[in-house]
Amino acid sequence: MSSTPVLGFIGLGVMGSRMCANLVRRSGAAVVVFDPVEEAADAAVALGARRHEDVGGVARDADIVFLSLPSIAEVESVCGELAAAAERPRIVVDMSTSDVARTRELSDRLDKAGVALVDAPVARLRQAAEDGTLLITVGGSEAHFAELEPFLSCMGSDIVHAGGTGNGQVMKILNNMVLFLNMNALAEALTIGRAAGVDGALLFRTLALGSADSFALRRTATATMIPGEFPERAFPTNYAIKDLALALQLAHDEEIEVPAASQTMALLERTRDAGYGENYYPAMIKLVDGRG
């Protein structure tokens, strides 16, 4: 093996394509990629990556493989192919948002095949993926963290070692849970304020000056709830439901009651059922103010 490992990247979607682009530009390593969408792989090749036609090709050439996939089901499937290959990577880095218990079970299975699994899910918006300023929370050994940090730093500006396998997912899941609860509270505050005769934009500007300030208020809520614009192809309600379900499952596994998170889940599900499943999840305000 060369002093600089060959890197693999599987999953070139909205976030993964941007993360891979930064890995190609900044890592100084050769990068091999696979994605079933031909155009996505072509875009990575145009930046300097080398394309493979299947998972097995990436397994053969890459020492470290990064994954950015929709859910733990796809992660398990791809990891199964990587582990079954005649030549396989030393480390798989799951940058998806995945179920904690299944991540830890998958780690045990891969370990038997001589492959280490490190979970490193990402937080922040699409622009952060473009800019390489993601928050990345990492679950794995100190040694693996030290080896991977230079590559993760190509994609993120804040890299946190969260502890053992699965802990990166715990951090990411709870980050999203708090975000969704915050957006729920902002939707309720905006609806009450408008009903009471206060200008919504003025309300949010004022909240941002006080102890109610937050990133969700200043960025996401102000950009979406004030104008009432909830585009598709952003982070949709269906994705928010998936991520919050992971937090509720974690709470259930630990026998902790979370009524606020459960209420927010109910609101998101009502938003989906009203036809906004593919819209940016702050569309939840439509159900709070009765316009859904």
Side-chain angles (χ1 to χ4, degrees), residues 1-99 102-103 105-122 126 129-130 132 134 136 140 144 147-148 150-152 154-156 233 236 238-239 242:
M1 184 183 69
S2 64
S3 58
T4 301
V6 175
L7 308 179
F9 208 105
I10 298 174
L12 302 171
V14 170
M15 298 293 281
S17 61
R18 291 162 170 81
M19 292 153 58
C20 181
N22 283 319
L23 204 59
V24 172
R25 294 187 187 108
R26 301 174 179 178
S27 69
V31 180
V32 296
V33 302
F34 168 70
D35 192 283
V37 178
E38 186 173 344
E39 294 80 4
D42 288 344
V45 170
L47 294 172
R50 186 155 54 89
R51 176 181 181 172
H52 279 295
E53 299 301 321
D54 54 28
V55 171
V58 176
R60 181 180 64 248
D61 285 356
D63 302 300
I64 301 169
V65 176
F66 297 87
L67 308 179
S68 181
L69 299 170
S71 74
I72 187 63
E74 289 82 3
V75 171
E76 289 170 332
S77 176
V78 169
C79 284
E81 292 185 63
L82 291 170
E87 299 178 66
R88 56 185 71 96
R90 292 184 297 111
I91 305 172
V92 175
V93 185
D94 179 20
M95 306 193 76
S96 324
T97 302
S98 297
D99 177 275
R102 288 171 68 176
T103 292
E105 291 167 1
L106 178 60
S107 175
D108 290 341
R109 293 199 299 272
L110 289 179
D111 186 62
K112 294 174 182 176
V115 179
L117 177 67
V118 173
D119 54 298
V122 303
R126 182 186 309 185
E130 184 86 29
L134 293 164
I136 306 176
H144 286 142
E147 180 177 2
L148 294 170
F151 302 120
L152 296 174
C154 297
M155 299 177 277
R233 298 182 182 178
N238 288 332
Y239 282 20
K242 176 188 78 76

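All values reported here derive from a predicted model rather than from experimental measurement.
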- Identified side chain to side chain contact (heavy atoms under 4.5 Å, CB included) partner of Val65 from the options Val55, Ile10, Val32: Ile10
- Message: Looking at Ala129, is its backbone amide N or carbonyl O close enough to the side chain of Asn22 to form a donor-acceptor pair, meaning the two atoms are under 3.5 Å apart?
- Response: yes
- Query: Rounded to the nearest 0.5 Å, how far does CG of Leu23 lie from CG of Leu47?
  - Reply: 11.5 Å
- Query: Angle class for the Phe151/Phe66 ring planes (parallel below 30°, perpendicular above 60°, tilted otherwise)?
  - Reply: perpendicular
- Task: Any chance you could lay out the side-chain contact (heavy atoms from CB on, under 4.5 Å) test for Val115 and Leu82, step after step, and finish with the verdict?
- Result: CA-CA 9 Å; Val115 179; Leu82 291 170; over 6 Å; no
- Mind running salt bridge (charged side-chain N to carboxylate O under 4.0 Å, His left out) on Arg18 and Glu130 for me, showing each step along the way? CA-CA 5 Å; Arg18 291 162 170 81; Glu130 184 86 29; 3.0 Å; yes
- Task: Would you sort out whether Met95 and Leu134 count as a side-chain contact (heavy atoms from CB on, under 4.5 Å), showing the intermediate values?
- Result: CA-CA 11 Å; Met95 306 193 76; Leu134 293 164; 5.9 Å; no
- Message: Please give me the minimum heavy-atom distance between Pro5 and Ile64, naming the atom from each residue.
- Response: CG-CD1, 4.0 Å
- Contact summary for Ser71 and Ser98, nearest pair of heavy atoms: C-OG, 4.4 Å
- Minimal non-hydrogen separation, Ser96 against Pro121, with atom names: O-CB, 3.3 Å
- Checking side-chain contact (heavy atoms from CB on, under 4.5 Å) for the pair Met155/Val122: CA distance, chi angles, key distance, verdict? CA-CA 9 Å; Met155 299 177 277; Val122 303; over 6 Å; no
- Query: Looking only at heavy atoms, what is the nearest atom pair of His52 and Gly57, with distance?
  - Reply: NE2-O, 3.4 Å
- Message: Are Val75 and Arg102 packed together at the side-chain level, in the sense that at least one heavy-atom pair is separated by less than 4.5 angstrom?
- Response: no
- Note on the structure: Output for pair (Leu7 CG, Cys20 SG), nearest 0.5 Å, gives 9.0 Å
- Message: Checking the side chain of Arg26 only, and the main-chain atoms of Cys154 only, is there a donor and an acceptor separated by less than 3.5 Å?
- Response: yes
- Query: Roughly how far apart are Asp61 CG and Phe34 CZ, rounded to 0.5 Å?
  - Reply: 14.0 Å
- Message: Given 3.5 Å as the limit, does a donor-acceptor pair link the side chain of Asp35 with the main chain of Leu12, or not?
- Response: yes
- Message: Nearest 0.5 Å, please: how far is CG in Leu67 from CD in Glu74?
- Response: 11.0 Å
- Measure across Ile136 and Leu152 and return the closest heavy-atom pair with its distance rounded to 0.1 Å. CD1-O, 3.6 Å
- Query: When rounded to the nearest 0.5 angstrom, what is the spacing between CZ in Arg51 and CD in Glu38?
  - Reply: 5.0 Å
- Note on the structure: On a heavy-atom basis, the closest approach of Ala62 and Gly8 is CB-N, 3.6 Å
- Mark yes or no for whether Arg88, through its side chain, and Ala83, through its backbone, hold a donor-acceptor pair below 3.5 Å. yes
- Query: What distance do Leu69 atom CG and Glu76 atom CD have between them, rounded to the nearest 0.5 Å?
  - Reply: 11.5 Å
- Query: For Thr97 and Lys242, what are the C-alpha separation, side-chain angles and deciding distance, and is it a side-chain contact (heavy atoms from CB on, under 4.5 Å)?
  - Reply: CA-CA 9 Å; Thr97 302; Lys242 176 188 78 76; 4.1 Å; yes
- Message: Quick one: does any side-chain atom of Asp119 pair with a main-chain N or O of Asp94 as donor and acceptor, under 3.5 Å?
- Response: no
